[in-house]
Structures are given as structure tokens and as C-alpha cells.
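Computed from a predicted structure; not experimentally measured.
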Amino acid sequence: MAEFRGMNVERGLEVSQQMERTAQEFRTMANLLTANLRSVNWTGPRARQFEEKWGAFKQQLFQFCGQMDVSAGYLRQEAENQAQVSGAR
């Protein structure tokens with residue numbers, strides 16, 4: 001019995017697109033939250049502390065989103081390679 005190797009090309013492409021959309025949704029939400037936080041008009045040392053923490057978190061989130069984009073691109077490329085090799089799509 002032959003062992004299956006490869007991937008479901010259609011599903012791989014779907015998941016890569018889902019990853020890209022999700023990363024973009026995270027970025028959009030973080031930017032919206034940042035705008036909403038600015039509307040609080042909070043001042044003082046604790047406000048500055050919070051802003052610094054939020055800024056650091058947002059930066060980490062954007063780095064994570066960048067890695068999601070890289071992973072999605074890798075998955076998409078592998079699916080396209082699989083389609084080419086197997087004639088699937």
C-alpha cells in the first residue's frame with residue numbers, strides 16, 4: 001500500500017488566505033484600539049506607563065502578524081508546488 005505524501009492543495013490555499021486575512025484583521029483591530037485609547041484623554045504617569053505597555057504589545061502583535069504573513073506565503077508556495085507536481089488544483 002502506497003503512503004500518501006503531499007497536501008490537499010485547495011485546502012492549503014484556503015488556509016494560507018485565511019492566515020493572511022486574520023493577520024490583517026489583527027492589524028486593523030490594533031490600530032482601531034489605539035485610536036480609541038487616544039480618545040480616553042488620559043494623562044499622567046500611569047497613562048504614560050499604559051501607553052508604553054500598549055505600544056510594546058502592539059509592536060509584538062505586528063511582529064506576530066508579519067510572521068503569520070511569512071507562514072501563509074510559505075504554505076501558499078508549498079500548495080502551488082504540490083499542484084504543479086501532482087497536476088492538482
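- The CG atom of Leu37 sits 9.0 Å away from the CH2 atom of Trp42 when rounded to the nearest 0.5 Å.
- At a threshold of 4.5 Å between side-chain heavy atoms, the hydrophobic network of Ile, Leu, Val, Met, Phe, Trp and Tyr places Met29 and Phe50 in one connected group.
- A distance of 13.0 Å separates CD in Gln63 from NZ in Lys58, rounded to the nearest 0.5 Å.
- Residues Leu61 and Ala30 share a closest heavy-atom pair of CD2-CB, 3.7 Å.
- Residues Leu33 and Val40 share a hydrophobic cluster, clusters being chains of Ile/Leu/Val/Met/Phe/Trp/Tyr side chains in contact below 4.5 Å.
- In this structure, the separation between CD on Gln77 and CD on Gln84 is 9.0 Å, given to the nearest 0.5 Å.
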Please table the atom pairs, donor to acceptor, closer than 3.5 Å between any side-chain atom in residues 14-28 and protein atoms at least two apart or in another chain.
unit_1 : atom_1 : unit_2 : atom_2 : d
Glu14  : OE1    : Arg11  : NH1    : 3.2
Ser16  : OG     : Leu13  : O      : 2.8
Glu20  : OE2    : Arg76  : NH1    : 2.4
Thr22  : OG1    : Gln18  : O      : 2.8
Gln24  : NE2    : Thr28  : OG1    : 3.4
Arg27  : NH1    : Asp69  : OD2    : 3.3
Arg27  : NH2    : Cys65  : O      : 3.4
Arg27  : NH2    : Asp69  : OD2    : 2.4
Thr28  : OG1    : Gln24  : O      : 3.0

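- Note that CD of Gln82 is 12.0 Å distant from CD of Glu80, once rounded to the nearest 0.5 Å.
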